[in-house]
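All figures in this text were calculated on a predicted structure; none of them were measured in a lab. Each chain gets a letter, A, B and so on, in the order its sequence line appears, and its residues count up from 1.
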Amino acid sequence: MDTPVAAPPPRTEAEALAVQDRLRPLVDLAGPGPAAPATVAGLDVAYAESGDRLAAAVTVLDARTLAVVDQAVSVGRPAFPYVPGLFAFRELPALLAALELLTVRPELLVCDGHGLAHPRRFGLACHLGVVTGLPAIGVGKTPLVGRWEPPAGARGAWSPLCDGGEVVGRVLRTRDGVKPVFVSVGHRMGLGNACARVLALTPHYRLPETTRTADRLCRAALASRSGV
DNA sequence: GCGACAG
DNA sequence: ATCTTGTCGC
């Protein structure tokens, strides 16, 4: 079946840039997005030390209890070299394959990386959102672009992440006195709501439970050499 | 020209 | 991302 945003996998950086240029206008910034999604998905990828094999995992959590209600993994090869700004092309195919295996359609995607906080405003979270049509947000552990000041020390404190004269995300403290995370909109979500979702997903640790469960799943898949 | 640079 | 031990603190 045709996908409205189907794009041939790029083989060169120039082709990848062209794909981003074509898909970027499709990002929905209307927001505010679901304030009380029933299910939230976490996506993450783990690499073999050789770097030639990867496992992509998606875990779907009950947004209220944070219990895992569905999950899927796909093993494959990196689809593109790692290039800051073109990171999505590396993991996207495997992540989409894992999403296809789900039996539960999540209401929000929480991506391991950035959304609008990207040099061309089209990071992994935007890409995944546009391709799937689902609301999506990005939660990065380190910044890619932008200037920012450290937020106050208490959980919930935040400061704007600014780049090119615009606010592209927020630096959000999810735990008291612990290094903050970088939240940005991916698709069909507002920035304030995105941060509220992240805080709801971090009752115990710095990173969202969605990211943590997906991280464990793809690591386990690699360790068991699934797909071999 | 020199650094910076999601995972 | 991944390679890695101990160590400081609650």
Mark yes or no for whether [X], through its side chain, and [Y], through its backbone, hold a donor-acceptor pair below 3.5 Å.
X: R188(A); Y: G133(A); answer: yes
X: H118(A); Y: C126(A); answer: no
X: T213(A); Y: T59(A); answer: no
X: R206(A); Y: T174(A); answer: no
X: R64(A); Y: A36(A); answer: no
X: H187(A); Y: D28(A); answer: yes

Handout entry: 5' to 3' contact window, DNA chain C with chain A (heavy-atom distance under 4.0 Å)
Key =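 First-to-last contact on DNA chain C, by the 4.0 Å heavy-atom rule, is dA1(C) to dC3(C).
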
Rounded interatomic separation in angstrom, taking [atom1] from [X] and [atom2] from [N]:
X: L128(A); N: dA6(B); atom1: CG; atom2: C1'; answer: 13 Å
X: F87(A); N: dG7(B); atom1: CZ; atom2: C1'; answer: 4 Å
X: R121(A); N: dA6(B); atom1: CZ; atom2: C1'; answer: 14 Å
X: R170(A); N: dA6(B); atom1: CZ; atom2: C1'; answer: 20 Å
X: H127(A); N: dA6(B); atom1: NE2; atom2: C1'; answer: 15 Å
X: R219(A); N: dG7(B); atom1: CZ; atom2: C1'; answer: 11 Å

Examine the side chains of [X] and [Y] and answer whether a donor and an acceptor come within less than 3.5 Å of each other.
X: E91(A); Y: Y47(A); answer: yes
X: D44(A); Y: T211(A); answer: no
X: R155(A); Y: T202(A); answer: yes

Problem - OP1 or OP2 of dC5(B) under 4.0 Å from side-chain N/O of T142(A) - result: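 Negative; the distance criterion is not met.
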
Problem - Phosphate contact (dA6(B) OP1 or OP2) by K141(A) side-chain N/O below 4.0 Å - result: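 For K141(A), the contact criterion (side-chain N or O under 4.0 Å from OP1 or OP2 of dA6(B)) is not met.
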
Practice task
Please list residues of residues 146-163 of chain A whose heavy atoms come under 4.0 Å from any atom in DNA chain B, ordered by number; otherwise none.
Solution key: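 Result for residues 146-163 of chain A: none.
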
Practice task
Answer yes if the ring centres of H127(A) and F89(A) are under 6.0 angstrom apart, and no otherwise.
Solution key: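 That pair passes the under 6.0 Å test.
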
Which part of the nucleic acid does [X] contact within heavy-atom distance under 4.0 Å: base, sugar-phosphate only, or nothing?
X: G138(A); answer: nothing
X: L124(A); answer: base
X: P143(A); answer: sugar-phosphate

Problem - Within 45° cone and under 6.0 Å: R212(A) NZ/CZ vs Y205(A) ring - result: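 Judged by the rule (NZ or CZ under 6.0 Å from the ring centre, within 45° of its axis), R212(A) counts as positioned above Y205(A).
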
Handout entry: R121(A)/D163(A) ion pair, N-O < 4.0 Å
Key =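 So R121(A) pairs with D163(A) through a salt bridge.
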
Exercise for the section: Go ahead and write out DNA chain C as dot-bracket, 5' to 3': ( ) for pairs within the strand, [ ] for ones crossing earlier pairs, | when the partner sits on another strand, dots for unpaired; Watson-Crick or G-U wobble, both distances under 3.5 Å. Expected result: ..........

Problem - For F182(A), the rest of its hydrophobic cluster, which grows through side-chain links under 4.5 angstrom - result: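 Cluster partners of F182(A): W148(A), L161(A), V168(A), V171(A).
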
Practice task
Go through residues 43-52 of chain A and report each residue with a non-hydrogen atom lying under 4.0 Å from DNA chain C, sorted by number.
Solution key: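 Under 4.0 Å from DNA chain C: A46(A), Y47(A), E49(A).
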
Problem - side-chain hydrogen bond (donor to acceptor under 3.5 Å, both in side chains) partners of E100(A), counting only residues at least two apart - result: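 In terms of side-chain hydrogen bond (donor to acceptor under 3.5 Å, both in side chains), with neighbours along the sequence ignored, E100(A) is linked to no residue.
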
